[in-house]
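For ligands, and for the atoms within them, numbers begin at 1 and follow the listed sequence. We count residues from 1, following the sequence as given. Being a predicted model, the structure only gives us computed values, none of them experimental.
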Amino acid sequence: MQQSSNHLLISLLKHYFGFDFFRPLQQEIITDSLLGKDTIALLPTGGGKSLCYQLRSLAAPGLTIVISPLIALMKDQVDALSEQGIQATFLNSSLSREASAQCRRRLENSEYRLLYVAPERLALDGMLEQLERWQLSFIAVDEAHCISEWGHDFRPEYRQLSLLRDRFPDVPIMALTATATLRVRNDISQLLKLRSPASYVASFNRPNLSYRIIQRDQPLKQLIEVIRDHPGESGIIYCLSRAGTERIAQALNAKGFSALAYHAGLDAEERTKRQEQFINDEVPIIAATIAFGMGIDKPDVRYVIHHDLPKNLESYYQETGRAGRDGLPSECVMLYSAGDAVKLHRFIDELSSPQERDIARDHLRSLLRFAESSTCRRIELLRYFGEQYLSPTGAAPDFCGACDNCLTPRPSFDGTLAAQKILSCAVRIKQKSGFSVGLLHLVDVLCGAKTEKVAKFGHDSLSTYAIGKDRPRAEWLSYANELIQLGLLQICPERFNVAEVTESGAAVLRGLQFVELHQPLVKAGLSVEKRKLQRRRTGHVEVDPVLFGALRRLRLDIAREIKLPAYLIFSDATLQQMALLKPKSEAEMLQVSGVGDVKLKRYGARFLQVINNS
Ligand code: ADP
Ligand code: ZN
């Protein structure tokens, strides 16, 4: 039975979606759910969550409902399914009375396999009775972390979902999310009243993404350098402020690129319009605040740049995660300046709630440590989420080969003297004042800054005042952070995060131990050679750029004809394969990953023609 069910799933996968293989855990999740079990699927962005419930719904009779928080996305999903020949619909407040009545009539006739609804719908009069009449056989809860106050996007309406289990005790539920903390997972299970669910947690490693952090120096020039590597491809530039997004979009347009700003200050209509221009490949670059992203399913975003520091590592992971959902190589670049860190510290000092301040400081510290670290970015990022990095062969290396620190290790030098300057400054301050101070003040004293605090405590009279004025402040901050990583300095969270010299730090001061430090972040990015290597590591395949371009143009033409986003027709990954395999017949075309039976019938001939003419 297992064998035949596998066979069925694979044939559905090929027929409807055009794929030959499952992504990790997809098949296990679907199979368990078909056995009637409740399931929790924790897959990273781009892991293929939608396919889990979509294919599941096709493999058994009855109606599937999909609970989704974003009304705007429902139409996209339904359009995508229709393109694949799957009958799906949605009920939400955006529908006219007639459209909604018609949709219900067709549901009564069992014409649909999937129905998307917003959570608040369920509590409406008669909805649950209707679902029963429509032979509900499977429930998918997308973005399931929205049910938990511990998640990053709590939505009170999600709490009503417990109604589902009360009303449909025997219908299996599948909860899906890309948020992996244990607390959120437990909340999901408890609040949805799942029956000993099978939990599946995929690796959060995104092997096709490369990571790079460069010192922000001439930001516009640095942005353009990244953009030039991706001609005509889509990218997102995240900025801290609304004004920043406007300024950057304008500056890029002035340089001949096509870019739009996006932020919460625009009215809803304008926001939707700009979002659609981006999704439909009419404008490739969007400079956005973090208001942009949630609800963007665009699979072919080729780069994400952080022009400013993200809020914390979790946001960094989510935001960079919007690149390369389709599995093709994509890059994540952060422009970093230690000066930002100083600004953010000051900003945090002004928060009123002490608890908020503590959390914000804690987050900022992890982020800074990550940015300044000279070890592999991927390994650090995964470690933050409690995961050990494993290579495809299952080994646990200390090198991923696709981040700046792996490809251009920062040169190290004998930093004993520099370390001694920092440590002795900390010791002197404590001797004089009887208390320790935070890193920023420590560096101020070291560099001979004339701040209010320095004057107030009389720290300008210390023998270590200004002993580091030969180097810029940012450099000292970077070294001080390294001393923390090395365990020579230690931050005391219970005492206003002051920095204290540890026992090994004291040994360094006594000249008993050498210290190896790394040059601070480089100003420029990677060399062309290094970048080529990076692409190879993330699985880049060279295809005929002329043919690939022609296929993309045809896709855009079709998209305009049928008024749907281009990626719903074929993904970039699929077009690349076409350009590589150059199929000559319909049968060969069907071998291309992403070409299913319905799309072959609809578009196969036109794409074959372009290939034949090439
Ligand atoms: P998530 O919701 O987990 O972020 P999606 O469901 O949007 O991910 O899927 C991301 C992309 O991966 C989509 O373009 C989808 O078509 C593709 N995809 C999903 N499953 C597979 C598979 N088994 N083989 C190839 N591509 C897949
Ligand atoms: Zn690495």
Any sub-3.5 Å donor-acceptor pair from [X]'s side-chain atoms to [Y]'s backbone N or O?
X	Y	value
Arg56	Thr31	no
Asn405	Arg377	no
Arg606	Ile558	no

Taking 2.8 Å as the upper limit, name the protein N, O or S atoms near the Zn ion (ligand 2).
-> Cys376 SG, Cys400 SG, Cys403 SG, Cys406 SG
Criterion side chain to side chain donor-acceptor pair (under 3.5 Å) against Ser478, the qualifying member of Gln519, His518, Glu372 | Glu372
Taking the six-membered ring for Trp, are the ring centroids of Phe370 and Phe385 within less than 6.0 Å of each other?
-> no
So, do Tyr238 and His307 have ring centers that fall under 6.0 Å from each other?
-> no
Who pairs with His230 by side chain to side chain contact (heavy atoms under 4.5 Å, CB included), at least two apart in sequence or on another chain?
-> Val226, Glu233, Arg302, Tyr303, Glu331
Where does the angle between the aromatic ring planes of Tyr479 and Phe413 fall among parallel (under 30°), tilted (30 to 60°) and perpendicular (over 60°)?
->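 Taking Phe413 first and then Tyr479, their aromatic rings stand perpendicular (interplane angle over 60°).
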Please name all residues satisfying ring-ring contact (aromatic ring centres under 6.0 Å, His included) with Phe607, sequence neighbours left out, ordered by chain then number.
->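 Listed in chain order: Phe570.
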Please list, by chain and number, the protein residues whose heavy atoms come under 4.0 Å of ligand 1.
->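 These residues qualify: Phe19, Phe21, Phe22, Arg23, Gln26, Pro44, Thr45, Gly46, Gly47, Gly48, Lys49, Ser50, Leu51, Pro299, Arg325.
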